[in-house]
Amino acid sequence: MDSSSNQFILDLGQEHITIQRRYEALGALNDFLIAVWFLIGSFFFLNDSLIESGTWLFIAGSAQLLIKPVLKLISLVHVSRVFHSNKTP
């Protein structure tokens, strides 16, 4: 058995890269919004009349933290489906 038979080559192509970049862009936008909600919420806590609104912003930011793993899972499933559909003749 030669060493070349132990190699595994995987070529997903341009479609994989395009899909991956779209999900990365969504993830970056999600991360940006999380930071905005927490930053604004933090400033709201400096004013007693805005504490309730700040709390809601923290809740919104925390809920958006759930979106991160969901986006990753959806991305993996999407790429897998594309790969398997391109693999079958």
Side-chain angles (χ1 to χ4, degrees):
M1 191 179 254
D2 65 16
S3 63
S4 64
S5 64
N6 293 331
Q7 293 181 356
F8 180 70
I9 299 173
L10 179 62
D11 181 21
L12 296 177
Q14 185 64 33
E15 192 171 7
H16 168 262
I17 294 169
T18 301
I19 292 167
Q20 197 65 32
R21 285 186 178 167
R22 287 179 183 164
Y23 283 105
E24 286 177 13
L26 283 173
L29 176 62
N30 184 58
D31 289 346
F32 176 77
L33 290 174
I34 290 169
V36 167
W37 304 146
F38 278 103
L39 183 63
I40 294 171
S42 297
F43 281 112
F44 279 16
F45 266 77
L46 298 173
N47 186 329
D48 288 340
S49 65
L50 296 174
I51 288 178
E52 184 177 346
S53 297
T55 302
W56 282 109
L57 287 171
F58 285 146
I59 291 170
S62 298
Q64 268 191 273
L65 286 172
L66 293 171
I67 294 173
K68 291 176 68 99
V70 170
L71 278 176
K72 186 62 176 176
L73 289 172
I74 291 171
S75 168
L76 292 171
V77 168
H78 191 169
V79 168
S80 176
R81 286 185 180 166
V82 167
F83 175 70
H84 290 299
S85 70
N86 287 344
K87 205 167 102 175
T88 57

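When reading the values below, keep in mind they use all heavy atoms of this one structure, side chains included, and skip hydrogens, waters and symmetry mates. The first residue in the sequence is number 1, and the count goes up from there.
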Single-linkage hydrophobic cluster, 4.5 Å side-chain cutoff, Leu33 and Leu57 together: yes
Co-membership, hydrophobic cluster, residues Leu29 and Val36, 4.5 Å side-chain: yes
Measuring from atom [atom1] of [X] to atom [atom2] of [Y], what distance do you get when rounded to the nearest 0.5 angstrom?
| X | Y | atom1 | atom2 | answer |
| --- | --- | --- | --- | --- |
| Ile34 | Ile67 | CD1 | CD1 | 7.0 Å |
| Thr55 | Phe44 | OG1 | CZ | 11.0 Å |
| Ile51 | Trp56 | CD1 | CH2 | 15.5 Å |

Side chains of Phe58 and Phe38 in contact at under 4.5 Å (non-hydrogen atoms): yes
For a quick test of your reading: what N or O donor-acceptor pairs under 3.5 Å do the side chains of residues 69-77 make, sequence neighbours left out?
none

Residue pair Phe45 / Gly54: nearest heavy atoms and the distance that separates them: CE1-C, 3.7 Å
Selection residues 26-40 - residue pairs positive for salt bridge (Lys or Arg N to Asp or Glu O under 4.0 Å), sequence neighbours left out: Asp31-Lys68
